[in-house]
2 protein chains.
Amino acid sequence: MRYYTFGDEPSISPDEFFMEEALREARQALAEDEIPIGAVVVAKGKIIGRGHNLTERLTDVSAHAEMQALTAAANYIGGKYLKDCTLYVTMEPCVMCAGASYWFQIGRIVFGAYDTRMGFGRINQKITHPKTLITGGIKENECAELVRDFFKSKRMKKG
Amino acid sequence: MRYYTFGDEPSISPDEFFMEEALREARQALAEDEIPIGAVVVAKGKIIGRGHNLTERLTDVSAHAEMQALTAAANYIGGKYLKDCTLYVTMEPCVMCAGASYWFQIGRIVFGAYDTRMGFGRINQKITHPKTLITGGIKENECAELVRDFFKSKRMKKG
């Protein structure tokens with residue numbers, strides 16, 4: 001496994017490196033008062049698509065971070081499929097996004113926090129593409145905390 | 001049940017009436033050399049969103065008819081949810097589109113042709129919203145034939 005190193009900092013894995021980029025997108029969502037979920041699509045070590053949740057801004061409940069990043073990546077390469085690409089997303093994708101990843105034939109999905117309620121992992125059948133590899137739990141706490149804090153502050157404002 | 005009548009023509013049910021509108025969208029897709037699937041979203045007997053498959057034109061494998069029609073409808077009403085609306089679509093929605101319909105909380109889905117391979121019906125768990133009613137098989141043959149003929153002519157061109 002290759003590791004990126006930055007001077008004296010402890011080395012981090014590529015998955016952690018790119019999840020940090022997805023987290024950067026999530027923080028951007030937070031700054032826009034959106035549910036803080038972010039995603040990037042990576043091909044050969046390069047980010048070719050980015051996105052964060054835009055459901056409020058677009059008044060579109062389907063404007064999830066993954067949908068933005070996947071379509072941006074396909075747009076960038078000018079092709080339909082993302083077979084050799086990895087989707088990094090701070091939260092376990094929902095059924096819609098997992099279903100979208102099937103059509104894009106994404107090579108791999110790496111997610112941060114698990115979502116036991118809405119995540120596609122609750123579906124017992126395979127709904128991602130047969131060739132898609134899945135890794136969960138990268139920077140899990142950081143990804144989960146961002147969303148948890150967001151909803152906590154929303155509830156406090158309401159209360 | 002109310003029926004729309006048109007002069008001497010035999011009366012048709014509202015479901016058949018609006019499926020015919022979805023078929024109109026599908027035929028538009030066909031004219032654009034897209035997989036001929038169409039959809040409309042109806043609220044109180046009025047079409048508030050239309051769409052057809054745009055995967056080729058947009059080079060976006062997620063640009064399904066349902067996604068277009070659902071976002072168009074939400075855009076039209078300026079709200080997030082489509083609780084009192086019906087989605088008419090010529091083909092059984094895939095997992096992605098069924099997952100999207102969950103987020104829109106669509107009141108009802110009426111589809112034409114069954115899709116045993118990619119349709120959401122292959123999933124044993126409920127992936128649409130708990131309150132979403134489902135009807136399949138409206139104008140089934142007409143909807144299926146359109147897609148079947150499309151792929152047949154594609155294969156003939158290739159061969």
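Residue numbering restarts at 1 for every chain, and letters A, B, ... go by the order of the sequence lines.
Residue-environment remark: NZ (A/Lys126) exceeds the threshold of 12 foreign heavy atoms within 6.0 Å. Around atom CG of A/Asp149, more than 12 heavy atoms belonging to other residues, nucleotides or ligands sit under 6.0 Å away.
Side-chain heavy atoms closer than 4.5 Å link hydrophobic residues (I, L, V, M, F, W, Y) into clusters, and following such links, even through other members, never connects A/Ile138 to A/Leu146. B/Ile48 and B/Val40 fall into different hydrophobic clusters, where Ile, Leu, Val, Met, Phe, Trp and Tyr residues are linked whenever their side-chain heavy atoms come under 4.5 Å apart, directly or through other members. The hydrophobic cluster containing B/Tyr76 also contains B/Val41, counting ILVMFWY residues as joined when their side-chain heavy atoms lie under 4.5 angstrom apart, directly or transitively. B/Val110 and B/Ile134 fall into different hydrophobic clusters, where Ile, Leu, Val, Met, Phe, Trp and Tyr side chains are chained together by heavy-atom contacts under 4.5 Å. At a threshold of 4.5 Å between side-chain heavy atoms, the hydrophobic network of Ile, Leu, Val, Met, Phe, Trp and Tyr places B/Ile37 and B/Phe151 in one connected group.
Note that the SG atom of B/Cys97 and the CH2 atom of A/Trp103 stand 8.5 Å from one another [nearest 0.5 Å]. Separating the CG atom in B/Asp60 from the CZ atom in A/Phe104 is a distance of 4.5 Å, to the nearest 0.5 Å. Rounding to the nearest 0.5 Å gives a distance of 8.0 Å between CG of B/Asn124 and CG of A/Asn124.
The closest side-chain heavy-atom distance from B/Ser62 to A/Leu70 is not below 4.5 Å. Using a 4.5 Å heavy-atom cutoff, the side chains of B/Tyr102 and A/Val95 are not in contact. Side-chain contact check for B/Ile123 versus A/Ile123: some heavy-atom pair is nearer than 4.5 Å.
Between B/Gly99 and A/Met96 the shortest heavy-atom distance is C-CB, 3.7 Å. Between B/Arg122 and A/Ile127, the shortest heavy-atom contact is NH2-CA, 4.1 Å.
Considering only heavy-atom pairs separated by less than 4.5 Å from chain B, the leading option among A/Met67, A/Glu56, A/His64 is A/His64.
If you measure heavy-atom distances from B/Thr59 to chain A, the contacts under 4.5 Å come from both the backbone and the side chain.
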